[in-house]
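A short worksheet on the structure shown next.
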Amino acid sequence: MPSHPTTSRPSYLAMLSLLFTFFLLPSIVLAQAEVGQANVEGTPIVPDSEQIVVAPVTSLIAADHKYDDGEMIDLSWVPSIDDQLIDGKVIGYKVYRLEDDGEPQMITELAPSSNGYNDQSVERGKLYSYFVSTLSSNAETPSVRTAPVEPQREWLNYELLNVLIIALVLGGAVIYFIETARRGKKLFVRKIAGIEAVDEAIGRATEMGRPILFIPGILDMDDVQTLAALTILGRVARMIADYDSKIFMPVSRSLVMTAGRETIKASYQAAGRPDAYNDDMVTYITDEQFGYVAAVDGIMVRERPATVFLLGAFFAESLILAETGNSVGAIQIAGTARPAQLPFFIAACDFTLIGEELFAASAYLSGEPKQMGSLKGQDVGKAIAMAAILIGVLTVTIGDAWNVEWMQNITTVLTEIFSTK
Amino acid sequence: MPEFTFGIPLVALSDIGRVISLMLIGAGLLWILVRSLRAKEVDRRIVFLFIFIAVATPILFPITFQERATLIVKKVFDKVESLPAGSTVLLAFDFDPAMAPEVQPMADAFSRHCLEKGHKVIFMTLWATGQALLTQSLERVVRGEYPDKLDGVDYINLGFKAGNENVLNIIVTDFRMMFPTDVNGVPLDSTSIFDDVKSCKDLDLIISIGGGKPGVKEWVLYVGDRVNVPMGAGVAAVVAPQLYPYYPKQLLGLLGGVKGAAEYESELVKWYPHLEERGTPGLRMMGPQTLAHIVIMAFIVIGNISFFVSRRRERKR
Amino acid sequence: MRRSTIIVMAVIFGLFILSWIFRSTSLASVQEHYIMGGLKVTFSAFLTLAILSFLYKDNPFYKFAEHLFVGLSAAFWMSMGFWTTIVGNLIPRLSRSLSEFFQVPYQPGSYNFVYFIPVILGIMLLMRLSSKYGWFARWPLAFIVGTFAGLNFVRYLRSDFIEQVSATFVPLLVGWQGVGHFVSNFSLSASGQFVAIVGNWVIFLGVICGIIYFFFSKEHKGAFGAASRVGIWILMITFGASFGYTVMGRISLLVGRITFLFRDWLNLIS
Amino acid sequence: MKRQVPLIITFLIGMIMIFSFFIPPLEGLEQTCSLFFDVIAVFAFFLGGGNLMRIHVNKLRRRKKDWGFSIVTLGGFIIMLAAGLLKIGNPGGIAASPTTEGALLQEIFTYVFLPLQSTMYALLAFFVASASYRAFRAKNREATILLIAAFVILLGRTPFGMMLTGWIPESFSVLQVPNMAIWIMNSPNLAGQRAIMIGIGLGVISMSLRLILGIERTYLGDDSA
């Protein structure tokens, strides 16, 4: 494997296009799936002369819904001829269902000009047939009945096959480079400005004899940013234990408190100073966003920390915290993957980890080869994205401007691969 | 009180209060400018004071401006307008009181528009603190202004469920699994609005109003991209820029901040003139916004002047 | 406490009591419980001003508001979670008698016993309160991390990676009909062809350079370094734009609060 | 036991979640897990409440600094619990929604909670101003670009942008500030947001994978704990 992913671009593309053929084939085969055709047995009701007679719907088709657990049947039809005029004769449709050739049951009533229905109340292993009645103000004209259909269960959602393949490629790249790194290959990782400053910031707090405040964002453990922040906390706490500084970490979720305590405790143990740890380093305040902010602001002006870490998922509180931290003269290292809050951090903090850098920082700080490997895996994803964008933009430009058909075909194929709707 | 509209210069103001306060702000800014030319930094509390005055003045002495809907706002309006009466629209109130001044005007405008049009509206929220707010706004807008609309027939309030995006992950295939009943304990099966609605797939339009997490992004990720239902959104200004990549493919349109609300209101009033007397909070809020904007821009300029002056002095030394 | 502090506090309390009296008298004709009504509004105003006073400096009023807020909100989230999720979603699946007690419709189902799993995991979580069995809390933690790592993996992959790539396939020559047509119709109109073309070029190059900035495993030198520098410029424009866009929203929050003070409390405007 | 089991749980659940996305019959499982999380999250609220009580009772007992304010916190906590959890003062009794109009909880919410929360949020207006004054300075090339973009958008979002540049003819209309603002939002802003989004997307993907595979396990702490 070449050391830099951009140079390996062609092989990934070849792989993708190969896999794409695998994607096309099964979908063509599956498109031939059974479709219940309308049969001829339907008996139109002969109407009274006073009734307003409307034409039945035509081309009624019932088919199994694709790629589900066998819980849906799709109905489609062409609305009644009378519905296409605007005289308001047709006031709606009723959909009837026959279960295993039993009695017809009305399952829903629909507005005029409807041309389909998605029946979600079916079960596997039963046969269903349908007919649709067109309603006028005093009469009902049923359509012909469809042949019975059985809802099918599919084991793989082929519509999402491209997502699966890209997931496997990306996951594979990450795992591959982790393995490479584990076997001892040296991997280069560029400097991340905010992280370079961590050491200095902790040293400063030690000199000044003031505490270090660590804010892991306001989201719970279900957010990846919180986990990234906790990973960074692990390394930072280790340094703090070595320097013998004080750390304080107010949190807004009790699960984060639990995990934060575990993390700091482990770092202090690793530094050989388990006695210096106590549970009061991490305290829960409240789940309420602004209640938490009110309390942290209070802590900042009362404790006057020398260094503030704002890492994780932040919302409106980003600027409130950062400006208050700045007003007490703290060095602030911030990082978030919430694009909306990045401008505030950039304006008000000394160092900011922008977006992905937050996730990279934990790997970078640890210096573990396994973690570095995963960074390289991420870069493969970027190379794929860049290559696809390059080709896509090129073909769509040429295809559009000079109407070159084969270029347009490439665009279509690429768009198929990189879209999910 | 005479309202002056865009196009007439500021000088034409006759109201004394307005003139005095504007002069006060102007004189103060000038004083700070002079100070900064001497390279003296201004205490942040003075900046705070200025913002307070700049916001308070137009509230006491209203100044309003006219708005015209931009395309990205108009698309949402047109969608609501073009759906046939009786369509089912889901309005998600994913915000808390703190964010309410900014997005409540949108929520009201959407609710009024849908009810005027005769759509059936499903209200819900993913925010615990949003439920109380939802109750209030239903009381005020729906029951207060449209007393003939029936709960369970024309609209329904599902209320709040904990679980953030999980809630979405479930209702995308089944409403009843997450919400066996509505907020008042009425089973969904006994409401006519849910006769034909099993999951989000059966909706005609989803409008998410929010500004935090869970919010519009989660709606796009968990619902919008999974089902083929058009989605519109009204958001706090702060998240609007990061939602632009979803427009127009994943979001049909977007209202950003009070300006978005003001634009929607102006469009709404154009089509339904009788709604004007019910209030256009978005349009009214544009006055204080504009003045505060000018003050902030002045501060950016002054800040840079004092920065350059002090840098030049350092070089001379 | 110093004497001056006590005097200041007394004056402030006096002012608020005065405002309570004024507010109550003005409400007397409208409300039945006007004394209570006056108190509620005055207390809200007091809390509003207490928080705003933080801008000047930390003080006991702010501390009071802050501590009250923390206590109230913690309990608020507990209550809402209990009634909506435990009573609303869990109990109807677990027990008929409890459902009857809480007056929620019981939902019999064949797989209901699995809903004991979250209850067990939840109780394990609460063991964190004990120092001896605290490690049990790791199980629910692991469950949550696993669930969301899996959910996020596919969802971010689809919406923020795959979809974004195909959304960037923009034509670089919008509405191209030859060089002659382009030159003769050249204008700087916002809806013109030239502006649209430049816009798409910026999108294309901006996305590519932005991605290059985030490349970690290659040194940013030479052409790669130049591209990465363009990337950071694009990011700076983005951040500037976001900041400018946001200012308006932030102002409206203050408008809401000041409106409350002027209208609901001081009755200055209608 | 203390460490292996959690890692196995994370791996299994994570894999199920990923694959249930592609395999329709597993969809139900994915949703059940989601529902489980909701329930656990409520227990987490209780854990938080318990910790809050513990911290403030400790503060009171040891007469730590500012212990008087702990009484305020505990008082607020207990009153809200009575109104919310026990539904005291709720006219509809046990079956009613906790936020029924006129209930004690709704009253506390409107007159205490709401002003506190919104005012805290409103502080942002002030901080945006002070950050603009303090931080938006043309210190270097990056900062200058940021400054210019912010200024154009600020101007474009007010009617003054149109007043200042409305005279520019249609054939040069992109130079009108509101149009310039729209162009910045639609082109460079979109490009930057998308680059960040793709980066974060990949970061989340790789982080999730590291978590599922147990490579990233800091949050679980140490074995001997």
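Model, not experiment: these values are computed from the prediction. Naming convention: chains lettered A, B, ... in sequence-line order (proteins, then strands); numbering from 1 in each chain.
Ranked by non-hydrogen atom pairs under 4.5 Å with chain D, the options Tyr213(C), Phe239(C), Phe143(C) are led by Phe143(C). Counting heavy-atom pairs under 4.5 Å between each of Ala167(C), Gly88(C), Ser73(C) and chain D puts Ala167(C) at the top.
Minimum heavy-atom separation, His67(C) to Ser70(D): CD2-N, 4.5 Å. Counting all heavy atoms, side chain and backbone alike, Phe64(C) lies closest to Phe69(D) at N-CE2, 3.5 Å. Between Ile237(C) and Ala149(D), the closest heavy-atom pair is O-CB, 3.7 Å. When all heavy atoms of Gly146(C) and Ile13(D) are compared, the closest pair comes out as C-CG2, 3.9 Å. Contact between Ser242(C) and Asn189(D) at its shortest, heavy atoms only, is OG-OD1, 4.3 Å. Minimum interatomic distance between Gly201(D) and Asp160(C) (heavy atoms only, all atoms of both residues): CA-CB, 4.4 Å.
The contact between Phe214(C) and chain D is made entirely by side chain atoms (from C-beta outward), counting heavy-atom distances below 4.5 Å. When heavy atoms are compared at a cutoff of 4.5 Å, Tyr62(C) approaches chain D solely by way of its side chain, counted from C-beta outward. Using a 4.5 Å cut-off between heavy atoms, Thr168(C) contacts chain D through both its backbone and its side chain. In this structure, the portions of Trp233(C) lying under 4.5 Å from any heavy atom of chain D include both its backbone and its side chain. Proximity to chain D involves both the backbone and the side chain of Phe101(C), based on heavy atoms less than 4.5 angstrom apart. Only the side chain of Ile232(C) comes within less than 4.5 Å of a heavy atom of chain D; its backbone N, CA, C and O stay farther away. Contacts of Asp38(D) with chain C are made by both backbone and side-chain atoms, with heavy-atom separations under 4.5 Å. Looking at Gln176(D), neither its backbone nor its side chain comes within 4.5 Å of chain C, counting heavy atoms on both sides. Contact of Met185(D) with chain C is made through the side chain alone, with heavy-atom distances under 4.5 Å.
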Inset, instruction - Assess whether ring pair (Phe, Tyr, Trp, His ring centres under 6.0 Å) is satisfied between Phe109(D) and Phe76(C), documenting all intermediate values. - result: CA-CA 9 Å; Phe109(D) 185 83; Phe76(C) 179 79; 5.5 Å; yes

Legend entry - Pair Phe153(C)-Met17(D), side chain to side chain contact (heavy atoms under 4.5 Å, CB included): steps then yes or no: CA-CA 9 Å; Phe153(C) 182 91; Met17(D) 285 295 148; over 6 Å; no

Inset, instruction - Go through the steps to decide whether Phe21(D) and Arg158(C) satisfy the test side chain to side chain contact (heavy atoms under 4.5 Å, CB included), and finish with yes or no. - result: CA-CA 11 Å; Phe21(D) 186 75; Arg158(C) 180 172 69 178; 3.7 Å; yes

Inset, instruction - Quick one: do Leu72(C) and Phe77(D) satisfy side chain to side chain contact (heavy atoms under 4.5 Å, CB included)? Show the steps, please. - result: CA-CA 5 Å; Leu72(C) 282 181; Phe77(D) 186 76; over 6 Å; no

Legend entry - Leu55(C) and Phe127(D): CA distance, side-chain angles, deciding distance, side chain to side chain contact (heavy atoms under 4.5 Å, CB included) verdict: CA-CA 9 Å; Leu55(C) 290 170; Phe127(D) 287 132; 4.1 Å; yes

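A donor-acceptor contact shorter than 3.5 Å is absent between the side chain of Thr10(D) and the backbone of Val145(C). Looking only at distances, a side-chain donor or acceptor of Arg138(C) sits under 3.5 Å from a matching main-chain atom of Leu220(D).
In terms of the ring-ring contact (aromatic ring centres under 6.0 Å, His included) criterion, Trp183(D) has no residue partners (sequence neighbours excluded).
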Let me have the donor-acceptor pairs involving side chains of residues 197-206 of chain C, under 3.5 Å, with sequence neighbours excluded, atom names and distances please.
unit_1    : atom_1 : unit_2    : atom_2 : d
Asn200(C) : ND2    : Pro171(C) : O      : 2.8
Trp201(C) : NE1    : Leu172(C) : O      : 3.3

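Residue Val70(C) is tested with Leu52(D), Val72(D), Leu116(D) for a side chain to side chain contact (heavy atoms under 4.5 Å, CB included); the sole match is Leu52(D).
Atoms CZ and OG1, on Phe43(D) and Thr85(C) in that order, are 11.0 Å from each other to the nearest 0.5 Å.
Between Tyr121(D) and Arg257(C), the side chains place no donor N or O within less than 3.5 Å of an acceptor N or O (distance only, hydrogens not considered).
A distance below 6.0 Å separates the ring centres of Phe136(D) and Phe243(C). When ring centroids are compared, Phe45(D) and Phe82(C) stay outside the 6.0 Å threshold.
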